[in-house]
Amino acid sequence: MKKSQQFRASTPGPRLFFRFEDHFQHLSNALPLSIIHTDANGNATYANQKWEQLSGLNSDESLGSSWQTKVHPDDLPDLLECRRKAIELDEPYSAAVRLSTTDGSIVWLSATVTPLGISEGENYGLVWTFEDISSRVLAEQNMRTQLEVTRTISEAASLDDAAPQILSAICLNTAWQGGVFWDLRSSEYEALPFAYLSTDKRLNCELLVSELSKTYDDLIIKQTLRLQSPVSSVTSAEDDSDRHQVLVNYGVLCRLILPIVTRRQVQGIIELFGTTLTTNTPESLRMLQGLANQIAEFGDRVATEAELRESDAKIRAMVTFAVDGIITVDTAGIVESINPAFERMFGYEPFKIVGNSASLLLPEDQTLKEFLAFLESSPESPVDRLLKTRNGSLLDVEMSVSKTGGEKTLFYTIILRDISVRKEVERRLREFYSTVSHELRTPLTSIRGALGLIEGGVLGEIPEEVLEVISISRSNSDRLIRLVNDILDLQKIEADKLELRLTMIDAFELVEKTLAEIKGFADERSISVTRDASFACPLKVDRDRIIQVLTNLLSNAIKFSEPGKSVQVKLSRTEENRARFSVIDQGPGIAPENVPKLFGKFQQLDSSDTRAQDGTGLGLAISKAIVERHGGDIGIESVLGEGSTFWFELKLVEQL
């Protein structure tokens, strides 16, 4: 049985119904619902106090059809359809509608229409009850908006592509009637293409955005950029700023600015427009800010991915066009990749070696296990090695190894430089050094000996002018012999064949022996040589080689000192308990930028043909090699214009 039929069956007549009218009004005012009584045509005959509070209409203003003016125009057809269905079905019927409240904001209501039926030919009309469901609708809208934005972001390739769909999801699912996505990445307040939307026909968002893009002075946007958090405002005709007047002219009553902050910088803003006053609840603001954060994360991810793609492209280009061969090998020794340069160097096409063991590259006397151990402990500096090409020949390469990845994805990147030409040049140069040095030393020794005999008068008295020429020739012979000896020493050092004959000796004895040998040269240059060495320092060294080093440092100090100056040899014990030999001069000193050149091969700070002092530029390089072969260190301390201190340190016997 229908509810209206139940009502008719239990109601004797209209007099009894109206007798309870006072009871009905009292009851309706006590309920937490807005209630209106209308006739069958929807004209109100009664409205309770809750309705008056909600709508802002008093009881007289709500009578007739006036109460319907508070319903959102877009929802009025739904309300009328709800009334028709209730009458047709003769049972309660509901619909969700929006209503303008006393403060002009919009609330969502669940409107239920209950027909009261007809008795004795009289229609008792309809009872309308309105329940505020804004919280539920807002929650549903928020969830729907978040889902749509998330789906849009997951499918979009860039922020530019996602912007229109993001605005659509926000405006179609919330109370905002329009919006624009401003891009601040290139120029201030430049709208992204098509990044605006209007859901209200009364709001021409395209023209609005066109006008807004011409006006930059906006305190609300500046506040948003400063705070980097949402800022809302209500438009007012009293605000005479250009941008504000544009909003007023287009019927915008309120707006909300959402910053898109990526990498601690505002990359863009979403500006939402309301043609009705919109209440920004804490829940809606949190949701919208959450969306802004999600968009920002998407922008960060897209930017990072773009950077990674660009970096990957650069790396691929570097690997592809690199002159050096590059190969990656996993911890099991399986080749994972090679570059074109490797193909050219070793004759392997990728499908011939990738996926196979790196043992294909190893000489017969080397195992894969040994090679992997070398890769694991490879030094930071490049190492010269021999590797086998596809045709079986051995190739000299300079190998640099780096380890990349984690425990499960660890692999070795090996850079190989073909040094076969360099090795051949070095081999020929060594042969040249050896041949020339040995071929020169024998005749030079004979010439020097003969000149010495003549200069000493063994062959009779020599005229003064001839003796001067003989003396010059003998001096140049000595210089050539020293050069030949230096070249031979350098050859031994480079071939790693410099042998040390270690013996126990006191450091003081080394100083005394060197000073005795250098005395004649110092006297010739009018340089006084002093010593500061008064304690025993037992060393186990090659006596002749250390004297060679000390002599070289002393002769350099004497050569570059002005006549009348002094050079001091100092022997001391360092804090690390090592013997330190120091040669201190009063020469011109050395500029800081020239210090790195000193210990290089064939290095002269003055390399011109007119330089004041002779020399091969090999002495310090050889001295450095000798000291380091003893496990020591060598260096210099110099002040330009004041002098220099060349020093080297050796381990004492108790440290050996």
Atom pair [atom1] ([X]) and [atom2] ([Y]), whose distance is rounded to the nearest 0.5 Å:
X	Y	atom1	atom2	answer
Leu650	Thr574	CG	OG1	10.5 Å
Ile527	Lys519	CD1	NZ	13.5 Å
Leu500	Arg543	CG	CZ	15.0 Å
Thr530	Gln568	OG1	CD	4.5 Å
Glu637	Ile590	CD	CD1	12.0 Å
Met345	Glu343	CE	CD	12.0 Å

What pair of heavy atoms forms the shortest contact from [X] to [Y], and how long is it?
X	Y	answer
Ala156	Ala162	CB-CB, 3.6 Å
Cys537	Asp506	N-OD2, 3.2 Å
Pro382	Glu398	CB-CG, 3.4 Å
Leu368	Ser359	CD1-N, 4.0 Å
Ile269	Pro259	CG2-CA, 4.0 Å
Asn339	Ala322	ND2-CB, 4.0 Å

Presence of salt bridge, [Y] and [X], under 4.0 angstrom:
X	Y	value
Asp396	Arg422	no
Glu424	Arg428	yes
Glu628	Lys624	yes
Arg501	Asp544	no

Among Leu386, Leu395, Asp384, Asp418, the one residue meeting side-chain contact (heavy atoms from CB on, under 4.5 Å) with Lys423: Asp384
Trace of the side chain to side chain contact (heavy atoms under 4.5 Å, CB included) decision for Leu416 with Ile326: CA-CA 6 Å; Leu416 304 169; Ile326 302 175; over 6 Å; no
Donor-acceptor pair, [X] side chain versus [Y] backbone, under 3.5 Å?
X	Y	value
Thr551	Ile547	yes
Asn356	Lys352	yes
His630	Asp542	yes

Set of residues satisfying side-chain hydrogen bond (donor to acceptor under 3.5 Å, both in side chains) with respect to Asn293, sequence neighbours excluded: Gln289
Modelled atom types, side-chain donor and acceptor of Ser561 and Asp585, under 3.5 Å: no
Between Ser337 and Thr328: side-chain donor-acceptor atoms closer than 3.5 Å: yes
Find out whether [X] and [Y] are in side-chain contact, i.e. whether some heavy atom of one side chain is under 4.5 Å from a heavy atom of the other.
X	Y	answer
Val569	Thr514	no
Glu297	Arg301	no
Val401	Ile415	no
Leu652	Leu539	yes
Ser566	Gln586	yes
Ile634	Phe646	no
Ile353	Phe342	yes
Lys403	Phe411	no

Step-by-step side chain to side chain contact (heavy atoms under 4.5 Å, CB included) determination, Ile622 to Val549: CA-CA 8 Å; Ile622 294 172; Val549 172; over 6 Å; no
Could you tell me whether [X] atom [atom1] has more than 12 heavy atoms of other residues or ligands within 6.0 Å of it?
X	atom1	value
Glu364	CD	no
Glu562	CD	no
Arg580	CZ	yes
Lys570	NZ	no

Of all pairs that satisfy salt bridge (Lys or Arg N to Asp or Glu O under 4.0 Å), the ones with a partner from residues 322-333, not counting sequence neighbours: Asp324-Arg417
Full working for side chain to side chain contact (heavy atoms under 4.5 Å, CB included) between Phe374 and Val383: CA-CA 10 Å; Phe374 163 75; Val383 177; 4.2 Å; yes
Criterion side chain to side chain contact (heavy atoms under 4.5 Å, CB included) on Leu550 and Phe581, from CA distance to verdict: CA-CA 8 Å; Leu550 198 51; Phe581 297 82; 4.3 Å; yes
Trace of the side-chain hydrogen bond (donor to acceptor under 3.5 Å, both in side chains) decision for Gln366 with Arg385: CA-CA 11 Å; Gln366 187 175 3; Arg385 292 184 69 91; 2.9 Å; yes
